[in-house]
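Input: a single structure, listed below in structure tokens.
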Amino acid sequence: LFDGFPLLLAGVLLAKVWKRFEGREGIKIGAIVLIISSVFLHGEICLVTAKNASVEISLFFSQVFWVLAALVLLLNCKWSGNPNTMRLIRKLSTAIYFVHRPLLTCMRYFLSWKKIELGSMQQFFLLTVLCLGICIPASLLWKRRRIA
């Protein structure tokens, strides 16, 4: 409720005023908002970490603005490459989204069972490698089976 809906609402509101953010003006605004919200997001993370907050910190206030600014910048980028490459990237994005959470849980159980301690960034990079190592071959195999 408090994680997905604010971002969904922000996307809906952005869609209503999208014409204002197209083109060079949108890129400028998006870049400025992205930089400012990055600074505020970093400050929020430092503040919450310093206070040892025990609350759920999966969504920061400035994260909504960061996501919107990134969305504005990405919507202003045009893809002129092979459409099949973009299709593969979209499928990989979806696959990684669905695979990463169960894989993270299994990875953490395994690490605690083996009594291996890894920092958050190390876990992130290990999870990224594992997700890509599973999703890329699976996507290529699925693509080959569809062709045959």
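Scope of the values below: all heavy atoms of this structure, side chains included, with no hydrogens, waters or symmetry mates.
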Testing the basics here: between [X] and [Y], what is the closest heavy-atom pair and its distance to 0.1 Å?
X   : Y    : value
A69 : V33  : CB-CG1, 3.7 Å
L75 : K78  : O-NZ, 3.5 Å
V64 : A10  : CG1-CB, 3.9 Å
L92 : S139 : CD2-CB, 4.2 Å
F61 : E44  : N-OE2, 3.1 Å
W66 : S38  : NE1-OG, 2.9 Å

- Task: Say whether, by atom type as modelled, one donor and one acceptor occur between the side chain of N76 and the main chain of F21 under 3.5 angstrom.
- Result: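 Pair found, side chain donor or acceptor close to backbone of F21.
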- Message: Donor-acceptor pair, distance only, cut-off 3.5 Å: does the side chain of S93 make one with the backbone of I89?
- Response: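 Checking the backbone N and O of I89 against the side chain of S93, no donor-acceptor pair under 3.5 Å is found.
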- Message: Among residues at least two apart in sequence or on other chains, which ones pass side-chain hydrogen bond (donor to acceptor under 3.5 Å, both in side chains) with N82?
- Response: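 Scan of N82 (side-chain hydrogen bond (donor to acceptor under 3.5 Å, both in side chains), adjacent residues dropped) gives none.
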- Those residues that, when tested against L103, pass side-chain contact (heavy atoms from CB on, under 4.5 Å) (two or more places apart):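 side-chain contact (heavy atoms from CB on, under 4.5 Å) list for L103, sorted by chain: V99, L127, L130, C131, I134.
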- Under a single-linkage definition using a 4.5 Å side-chain heavy-atom cutoff for Ile, Leu, Val, Met, Phe, Trp and Tyr, are M107 and L118 assigned to the same hydrophobic cluster?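 Yes, one cluster joins them.
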- Item | Aromatic plane relationship, H100 with Y97 - under 30° parallel, 30 to 60° tilted, over 60° perpendicular |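 Judged by the thresholds at 30° and 60°, the geometry between Y97 and H100 is tilted.
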- What's the verdict on side-chain contact (heavy atoms from CB on, under 4.5 Å) for T128 and I96, showing C-alpha distance, side-chain angles and the deciding distance? CA-CA 9 Å; T128 301; I96 290 170; over 6 Å; no
